[in-house]
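Everything on this sheet refers to the single structure shown next.
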Amino acid sequence: MRIATWNVNSVRKRLPNVMGWLADAKPDVLLLQELKCETGSFPLADFEAAGWRCQVVGQKSYNGVALLSREEATDVVDRLPGGDGDEQARYVEATVRGIRIASLYLPNGNPVGTDKYPYKLAWMDRLKAHAASLLAREIPVVLGGDYNVIPGPEDVYDPAAWSTDALFRQETRAKFREILNLGYIEAFRALHPTRRHAYSFWDYQAGSWQRDRGLRIDHFLLSPQAADRLTACEIDKSPRGEPEASDHTAVILELAD
DNA sequence: ATGGTTGTTGGACAA
């Protein structure tokens with residue numbers, strides 16, 4: 001089972017990029033973030049014509065997530081529990097071939113000092129609680145997406161410059177570790193403990209891509225039952241270098257059948 | 001230190 005995650009920064013703007021990449025990469029499941037369109041504006045016909053079943057949670061202008069699969073997806077959940085009126089489209093979860101899979105778009109949280117940062121932390125608390133309930137099922141669980149979390153100093157080109165940023169400050173990293181400490185592994189770092197300069201995002205500004213000034217913020221968290229089947233996790237940098245690219249690139253996970 | 005870019009949308013806001 002090959003599962004990819006990709007923050008596409010507008011699915012309509014990026015449709016040719018995504019279609020072209022899918023034809024080459026051939027994942028079984030694609031998790032999308034930052035659709036930037038309402039559910040009804042998602043290019044459903046294009047994906048269905050290409051053989052994809054689409055679970056879409058959209059929102060006007062911002063956010064938006066989707067789970068695309070070649071096989072049937074069942075028991076779809078369109079929000080993270082515990083929201084209490086949270087209308088931001090940041091979570092979709094479904095079962096594909098016995099694996100519980102989520103596409104999530106964790107809040108950015110900047111600037112710290114505004115209500116955006118406590119919203120991020122509260123969202124992470126909700127994710128932690130839900131991740132714990134998923135663990136109790138004792139099934140393979142894959143939580144993939146744009147976490148907006150830089151796990152460690154090896155995951156950012158200039159750690160000092162990012163020390164107070166919402167993606168890297170201690171409180172954010174500690175909360176991320178709390179989720180791992182429930183019993184999840186972060187697939188890429190588990191397989192590549194010493195790899196450096198492995199980024200999944202490069203800002204559009206200041207030539208970040210050309211200078212390889214990137215961040216690793218797109219992750220897969222795996223329950224023990226999924227971790228036992230983990231065979232590969234790689235970042236595919238190729239789409240970031242294409243014309244009209246998203247500022248994120250795709251990360252691909254492989255689980256044994 | 002500042003500004004640098006992109007997307008949605010038609011002026012900011014988000015990233």
Side-chain angles (χ1 to χ4, degrees), chain A residues 5-21 31-44 46-47 56-66 80 83 86-91 103-124 127 144-151 155-169 171-173 175-176 199-219 235 237-251:
Chain A
T5 184
W6 193 3
N7 177 324
V8 288
N9 187 17
S10 171
V11 69
R12 291 179 293 180
K13 180 76 195 267
R14 223 64 64 198
L15 189 59
N17 308 54
V18 176
M19 286 300 177
W21 184 80
L31 311 177
L32 296 173
Q33 301 88 36
E34 277 208 88
L35 304 179
K36 291 191 167 179
C37 67
E38 294 177 291
T39 304
S41 304
F42 183 87
L44 188 64
D46 297 88
F47 283 104
V56 181
V57 181
Q59 174 187 341
K60 187 178 172 65
S61 303
Y62 305 117
N63 308 318
V65 290
L80 189 59
D86 184 356
E87 296 303 317
Q88 298 193 27
R90 295 182 176 275
Y91 192 88
S103 174
L104 66 91
Y105 179 44
L106 203 147
N108 179 295
N110 282 305
V112 174
T114 68
D115 57 0
K116 291 177 181 299
Y117 192 63
Y119 174 70
K120 176 177 193 156
L121 293 177
W123 205 94
M124 294 180 82
L127 180 61
D146 178 359
Y147 279 75
N148 273 312
V149 174
I150 302 164
D155 300 310
V156 49
Y157 65 92
D158 183 353
W162 285 78
S163 61
T164 61
D165 191 276
L167 278 62
F168 191 54
R169 67 199 307 263
E171 198 173 1
T172 303
R173 294 159 61 189
K175 192 73 75 180
F176 184 70
Y199 306 131
S200 65
F201 165 89
W202 298 259
D203 201 290
Y204 285 127
Q205 302 182 74
S208 298
W209 167 248
Q210 290 77 5
R211 301 158 72 188
D212 197 29
R213 294 164 71 92
L215 314 174
R216 196 173 69 86
I217 55 177
D218 298 270
H219 310 300
I235 299 169
K237 286 172 67 171
S238 65
R240 185 61 180 82
E242 293 290 315
E244 304 285 304
S246 168
D247 42 6
H248 293 249
T249 201
V251 185

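Only heavy atoms go into these numbers, but all of them, side chains included; no hydrogens, no water, no symmetry mates. None of the values given here were measured: they were computed from a predicted structure. Naming convention: chains lettered A, B, ... in sequence-line order (proteins, then strands); numbering from 1 in each chain.
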key: Short N-O contact, Lys13(A) and Glu244(A), less than 4.0 angstrom   = yes

ask   = How about Tyr147(A) and Tyr105(A): are their ring centroids closer than 6.0 Å?
value = no

query = Think Arg14(A) has a side-chain N or O under 4.0 angstrom from the OP1 or OP2 of dG7(B)?
reply = yes

inquiry  = Are the side chains of Trp21(A) and Asn17(A) in contact, using a 4.5 Å heavy-atom criterion?
reply    = no

message = Between dG3(B) and dG7(B), how far apart are the two P atoms, rounded to whole Å?
response = 22 Å

request  = Could you tell me the separation between the CD atom of Glu244(A) and the P atom of dT8(B), rounded to a whole number of Å?
outcome  = 11 Å

request  = Could you tell me the separation between the NZ atom of Lys13(A) and the P atom of dT8(B), rounded to a whole number of Å?
outcome  = 7 Å

message = Side chains of Asp212(A) and Tyr157(A), heavy atoms from C-beta outward: is any pair under 4.5 Å?
response = no

Between N or O atoms, less than 3.5 Å apart, protein on one side and nucleotides 13-15 of chain B on the other: list the pairs.
unit_1: dA14(B); atom_1: OP1; unit_2: Lys116(A); atom_2: NZ; d: 3.3

task = Report the distance from atom CZ of Arg240(A) to atom P of dT5(B), rounded to the nearest whole Å.
result = 13 Å

inquiry  = Can you check the distance between dA1(B) and dA15(B), where both ends of the measurement are the P atom (answer in whole Å)?
reply    = 25 Å

note = With sequence neighbours left out, the residues meeting side chain to side chain donor-acceptor pair (under 3.5 Å) with Asp247(A) are none

message = Give me the distance, rounded to whole Å, that separates dT6(B) from dT2(B) when you measure between the P atoms they each carry.
response = 23 Å

key: Option among Phe201(A), Tyr199(A), Trp202(A) that satisfies the ring-ring contact (aromatic ring centres under 6.0 Å, His included) test with Trp209(A)   = Trp202(A)

